[in-house]
2 protein chains.
Amino acid sequence: MLRLTKKADYGLMALKYLAEHPDSVSVSAKDIADTYGIPPQLLAKVLQRLTKVGLLRSHAGMNGGYELSRAARTISAFEVIHAIDGPLFITSCTKGSKSCELEPSCTIKEPLARVNESIAGVLKSISIHDMAEDESTPGRVAEQPLVMLTSS
Amino acid sequence: MLRLTKKADYGLMALKYLAEHPDSVSVSAKDIADTYGIPPQLLAKVLQRLTKVGLLRSHAGMNGGYELSRAARTISAFEVIHAIDGPLFITSCTKGSKSCELEPSCTIKEPLARVNESIAGVLKSISIHDMAEDESTPGRVAEQPLVMLTSS
DNA sequence: TGAACTGCGACAAAAATAGTCCTATACTGA
DNA sequence: TCAGTATAGGACTATTTTTGTCGCAGTTCA
């Protein structure tokens with residue numbers, strides 16, 4: 001639950017790849033799909049979408065492909081996920097103005113909306129560049145006690 | 001995307017309801033389902049699950065129902081969601097020890113695992129009691145620096 | 001021109017969610 | 001002790017979302 005879709009995963013992987021290969025003028029969807037072993041056509045769609053929202057620049061034809069349209073440092077995971085998975089989040093019924101259908105209830109939503117924002121904040125605070133840096137670099141995300149509850 | 005399942009929603013709503021009615025010794029699944037207009041049988045299952053993990057106490061028979069097994073203040077949204085939706089999170093392939101299938105790639109996962117922890121932290125920081133308090137009360141979520149992933 | 005690309009719409013397949021049905025068991029009170 | 005109200009839970013079906021495929025059109029370049 002609370003899982004990223006694979007498309008979003010793929011998108012992040014691809015952007016990370018691009019961030020790690022700034023030398024290549026442009027990389028094709030197939031190249032990336034091959035290196036990661038993911039369905040080329042699916043990745044293609046994801047990249048097309050990212051191009052559409054302006055995170056990537058594409059050019060067709062031989063030796064064509066994609067490149068980041070901005071510095072990796074300025075692209076947040078949030079933007080990528082949002083572009084791919086849509087206007088996100090948490091509660092099932094926070095769709096704009098329309099409140100929770102007939103249910104006058106759903107008071108749960110307000111508190112969760114705040115949680116929602118926190119999560120968005122987390123996602124906004126991490127950039128593609130952050131993800132691309134050497135794994136040895138200590139992550140600077142909150143170091144709180146994270147105790148994963150063991151499942152039953 | 002990154003959406004809670006309805007079951008989790010229902011569970012949170014139910015716990016909130018229980019937190020708001022400490023006077024009632026025990027509330028039936030049907031009562032809660034009726035007030036929120038959600039499928040009774042489905043809610044029943046959710047409550048059964050929450051009982052199983054120890055968040056609720058149940059008793060059958062007439063005037064039976066459920067009650068919180070601990071103070072609302074000590075029950076986090078994380079626990080509830082975890083109980084219902086399972087051992088959570090973000091990336092599709094963070095299933096214990098087994099790494100990302102054949103893909104040697106998936107380097108995306110590590111940075112995201114950190115984001116993951118941040119989100120878990122957010123969820124752990126909000127309690128059922130927090131959700132049940134008057135809407136006007138400022139939520140205490142998001143105030144802390146939750147994540148600092150600064151690269152800049 | 002043709003090979004290697006992107007762009008896109010329409011599907012199809014698979015998986016996860018949501019919800020229902022049915023039966024068993026437990027407790028209560030008259 | 002029996003009827004009514006509840007929980008417990010397995011098996012199923014339905015619905016929705018996600019994932020992946022196909023085919024074709026447009027682009028670029030050698």
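Order of the sequence lines sets the chain letters (A, B, ...), proteins ahead of strands, with each chain counted from 1.
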To the nearest angstrom, how far is [X] atom [atom1] from [N] atom [atom2]?
X	N	atom1	atom2	answer
A:K6	C:dA14	NZ	C1'	11 Å
A:L4	D:dT19	CG	C1'	15 Å
B:L42	D:dT15	CG	P	15 Å
B:L50	D:dT7	CG	P	13 Å
B:L43	C:dT20	CG	C1'	15 Å
A:Y10	D:dT18	OH	P	14 Å
A:L47	D:dG20	CG	P	14 Å
B:R49	C:dA18	CZ	P	15 Å

What's the spacing between [X] [atom1] and [Y] [atom2] if we round to 0.5 Å?
X	Y	atom1	atom2	value
B:I81	A:L112	CD1	CG	7.0 Å
B:L123	B:S76	CG	OG	7.5 Å
B:Y17	B:T35	OH	OG1	4.5 Å
B:H21	B:I32	NE2	CD1	9.0 Å
A:S127	A:R70	OG	CZ	11.0 Å
B:D85	A:R3	CG	CZ	9.0 Å

Practice problem: For B:K30, check salt bridge (Lys or Arg N to Asp or Glu O under 4.0 Å) against everything at least two apart and list the hits. | Solution: B:D34
Quiz item: B:A72: what forms a side chain to side chain contact (heavy atoms under 4.5 Å, CB included) with it, not counting sequence neighbours?
Solution: B:A19, B:L68, B:I128, B:H129
Quiz item: Is any side-chain heavy atom of B:L4 less than 4.5 Å from a side-chain heavy atom of B:L12?
Solution: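 Yes, their side chains come closer than 4.5 Å.
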Self-check item: Over all atoms of both residues, closest heavy-atom pair of B:L43 and B:A29
Solution: CD2-O, 3.4 Å
Quiz item: Any idea which heavy atoms bring B:V25 and B:E67 closest together, and the distance?
Solution: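 Between these two residues, the closest heavy atoms are O-CB, 3.4 Å.
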Quiz item: Start at the 5' end of DNA chain D and walk down; is the nucleotide closest to A:K7 or to B:S58 reached first?
Solution: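 Nearest nucleotide further toward 5': that of B:S58.
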Quiz item: Which comes earlier along DNA chain D counting from the 5' end, the contact point of B:K30 or that of A:A8, where each point is its nearest nucleotide?
Solution: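 Of the two residues, B:K30 wins.
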Quiz item: Can you give one letter per nucleotide of nucleotides 8-13 of chain C, going 5' to 3': B for a protein heavy atom under 4.0 Å from the base, S for sugar-phosphate only, - for none?
Solution: BBB---
Quiz item: Nucleotide by nucleotide, 5' to 3', does protein get under 4.0 Å of the base (B), only the sugar-phosphate (S), or neither (-) in nucleotides 25-30 of chain D, counting heavy atoms?
Solution: -BBBB-
Quiz item: Over its full length, what angle do the end axes of the helix from C:dT1-D:dA30 to C:dA30-D:dT1 make, each axis taken from five pairs and the result rounded to 10 degrees?
Solution: 10°
Quiz item: For DNA chain C, whose closest nucleotide is more 5', that of B:P39 or that of A:Y66?
Solution: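 Checking each residue's closest nucleotide, the 5'-ward one belongs to A:Y66.
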Considering only distance and modelled atom types, tabulate donor-acceptor pairs under 3.5 Å from the side chains of residues 49-61 of chain A, sequence neighbours left out.
| from | atom 1 | to | atom 2 | distance (Å) |
| --- | --- | --- | --- | --- |
| A:R49 | NE | A:A83 | O | 2.7 |
| A:T51 | OG1 | A:L47 | O | 2.7 |

Exercise. Would you classify A:A44 as touching base, sugar-phosphate or nothing, given that sugar-phosphate means primed atoms plus P, OP1 and OP2, and contacts are heavy atoms under 4.0 Å?
Key: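 Nothing, no nucleic acid heavy atom in range.
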